[in-house]
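What follows is a single structure, written as structure tokens, with notes after it.
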Amino acid sequence: MENICLLGASGSVGESTLKVLRLFPGYFRLHSFSVHGNVEKAKSIIEEFHPEFAVISGSHDSILGSKYNDTKIYYGSEALSEIASLDEVGTVVTAIVGAIGIYPTIAAIEKNKKIAIANKETLVSFGPYINNLLKKKSSILVPVDSEHNALFQLLALQKPENIRSITLTASGGSFRDLPIEKLSTVSVEEALNHPTWKMGPKITIDSAGLVNKGLEVIEAHFLFGIPYEKIEVVIHPESIVHGMIETNDGAYFSYSSDPDMIFPVAHSLFYPETVKTLLRERKPASWKNLQFIQPDMKRYPALSMAYNAGKAGGTAPGIFNAANEEAVSLFLNRIIQFTDIPILIESALEKIKIEYPETLLGYEEAANSARSFIRNKYLKEAV
Ligand SMILES: NC(=O)c1ccc[n+]([C@@H]2O[C@H](COP(=O)([O-])OP(=O)(O)OC[C@H]3O[C@@H](n4cnc5c(N)ncnc54)[C@H](OP(=O)(O)O)[C@@H]3O)[C@@H](O)[C@H]2O)c1
């Protein structure tokens, strides 16, 4: 029985993880979890799973007291690192959103945990630092992002020298068929209406402009050590094929499943063992008319910015990510237009000097500069 610490239990990946725990009660136990502000969800998780510890990371007020039922309650974001490093925990699932995930991720690596990592912003922003730390520890990262989980499984079947390229598929997001000139007037509600995946608001907005795919290109580079020149992106509106690898002879191997996070979550929890049966009714015959389309960089300018930031290295990916986190928040609060998001990212990348620090602080400072730059820019001038 593996003890699971689930960070971000109230979100979309959190819910998929809870589904897997319900499916396999004999294999996994919810030992501890966090929510940020959703106290009602925390109560219902405690009532259903009876974990040892719960964290309400967005509050220092003792909203639920020190105990709810028999579960001990901690408050504030520092407690995320505490539960992620408890001796009894075997696997930490990082399903919180944003680069704030770095602190519990470091705590889990320090304690040699297996980490089922969904929180891509952390890896994108602090990739070199995390990879250095991983070299000194026996912790492993198992990707939960569906594309990376697919690639993780595909890459295990080939010798590294036989890989010519890897391909991440992208649904194309909410506006893939909208004329480009209409993108500046889309509403928040339209942007949140993803065609194939049900996800949290930030990643849904990221997907609409392929910023998400840009983050994933950088995530793939840090996870698999593959150079950017060998990482491809293709629009695949049906979201059935999640990742492909091309071998030196020009053949493509692909991983396919219904667009349901239950697959990568179950794989990452069972890894290195194989997943026990997941009964699914849908069969390949129902996967009709699968398309693969080259992305149009005019429609998705942030994708090429992400490649450039990744190739520049150092703090550039963290600046890209931090600027995007701020810009998405401004868009969700109806302060800027959808098309302002890549403009703001680009201006942050132009303005803030790229550094190649060896300390965590160096990466944090660059990301903080990007955040302040976007906030100040917005306050000073109409975007
Ligand atoms: N959704 C997907 O299918 C999917 C797929 C691949 C990768 N991912 C990645 O997985 C991560 C989570 O995505 P999601 O779609 O599940 O997001 P989500 O539905 O918005 O959930 C976010 C979770 O993080 C918590 N949270 C929010 N702000 C926080 C903060 N400042 N500190 C600590 N916790 C905080 C939320 O708590 P409250 O609800 O209590 O506020 C919630 O539990 C993201 O990095 C995303 O890119 C998601």
Side-chain angles (χ1 to χ4, degrees), residues 5-20 33-45 54-60 63-64 74-84 93-105 115-126 141-152 168-171 173 192 194 196-208 210-216 218-220 223 239 242-243 257-265 267-268 321-322 324-326 328-329 332 371:
C5 169
L6 171 56
L7 305 178
S10 47
S12 162
V13 176
E15 186 49 55
S16 296
T17 308
L18 295 175
K19 265 191 209 164
V20 174
F33 74 93
S34 79
V35 302
H36 196 58
N38 194 340
V39 177
E40 287 311 308
K41 184 73 187 178
K43 282 159 79 173
S44 74
I45 292 172
V55 169
I56 299 172
S57 59
S59 172
H60 280 96
I63 308 164
L64 278 182
Y74 295 142
Y75 298 89
S77 52
E78 306 76 24
L80 295 171
S81 300
E82 282 177 42
I83 58 168
V93 182
T94 61
I96 64 182
V97 62
I100 191 77
I102 183 63
Y103 306 107
T105 303
I115 303 175
I117 183 165
N119 176 227
K120 69 189 79 175
E121 296 91 346
T122 285
L123 199 52
V124 167
S125 307
F126 302 98
L141 303 186
V142 186
V144 171
D145 229 330
S146 56
E147 298 78 359
H148 304 72
N149 184 271
L151 290 165
F152 183 85
L168 304 161
T169 59
S171 69
L192 287 175
H194 194 280
T196 46
W197 292 96
K198 292 277 157 276
M199 309 182 285
K202 193 249 174 195
I203 185 175
T204 306
I205 303 301
D206 287 348
S207 298
L210 251 58
V211 172
N212 182 50
K213 213 47 55 180
L215 294 171
E216 289 182 5
I218 301 170
E219 182 186 11
L223 278 172
S239 299
H242 304 292
S257 72
D258 284 343
D260 188 333
M261 287 302 290
I262 203 164
F263 292 101
V265 169
H267 171 268
S268 67
N321 177 72
N324 178 59
E325 285 189 22
E326 291 300 317
V328 170
S329 167
L332 284 172
R371 289 178 202 283

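First listed ligand is number 1; within each ligand, the first listed atom is number 1. Only heavy atoms go into these numbers, but all of them, side chains included; no hydrogens, no water, no symmetry mates. Index from 1, following the sequence.
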Original post:
At their closest point, which heavy atom of I45 faces which heavy atom of F33, and how far apart are they?
Top reply: CG2-CE2, 3.7 Å

**OP:** Between I203 and ligand 1, find which residue part has any heavy-atom pair under 4.0 Å and reply side chain, backbone, both or neither.
**Re:** side chain

Original post:
So which protein heavy atom does atom 23 (C) of ligand 1 come closest to, and at what separation?
Top reply: A95 O, 3.6 Å

Original post:
Is a side-chain donor or acceptor of N212 paired with a backbone partner of I203 at a separation under 3.5 angstrom?
Top reply: no

Subject >> Donor on one side chain, acceptor on other, N321 and K120, under 3.5 Å >> reply: no

Original post:
Under a 4.0 Å heavy-atom limit, does M261 contact ligand 1 with its side chain, its backbone, both, or neither?
Top reply: side chain

Subject >> Contact check: G37 vs ligand 1, nitrogen or oxygen atoms, below 3.5 angstrom >> reply: yes

Original post:
Of all heavy-atom pairs between S10 and H36, which one has the smallest distance, and what is that distance?
Top reply: OG-N, 4.3 Å

**OP:** Answer with yes or no whether the side chains of E121 and N119 bring together a donor and an acceptor at under 3.5 Å.
**Re:** yes

Original post:
Looking at A84 and P104, what are the two nearest heavy atoms and their distance?
Top reply: CB-O, 3.8 Å

Original post:
N/O to N/O below 3.5 Å, does that happen between N212 and ligand 1?
Top reply: no

Subject >> Proximity winner for atom 45 (O) of ligand 1, if only heavy atoms of M199, E15, E121, H148 are counted >> reply: E121

Original post:
Is it the side chain, the backbone, both or neither of S57 that has a heavy atom closer than 4.0 Å to ligand 1?
Top reply: side chain

Subject >> ligand 1 to N38 polar contact by distance, N or O atoms, under 3.5 Å >> reply: yes

Original post:
Should one rank S10, A42, G200 by closest heavy-atom distance to atom 42 (C) of ligand 1, which comes out on top?
Top reply: S10

Subject >> ligand 1 N/O within reach of S34 N/O, cut-off under 3.5 Å >> reply: no

Original post:
Heavy-atom contact under 4.0 Å between K120 and ligand 1?
Top reply: yes

**OP:** For residues V142 and H267, determine if any side-chain heavy atom of one lies less than 4.5 Å from a side-chain heavy atom of the other.
**Re:** yes

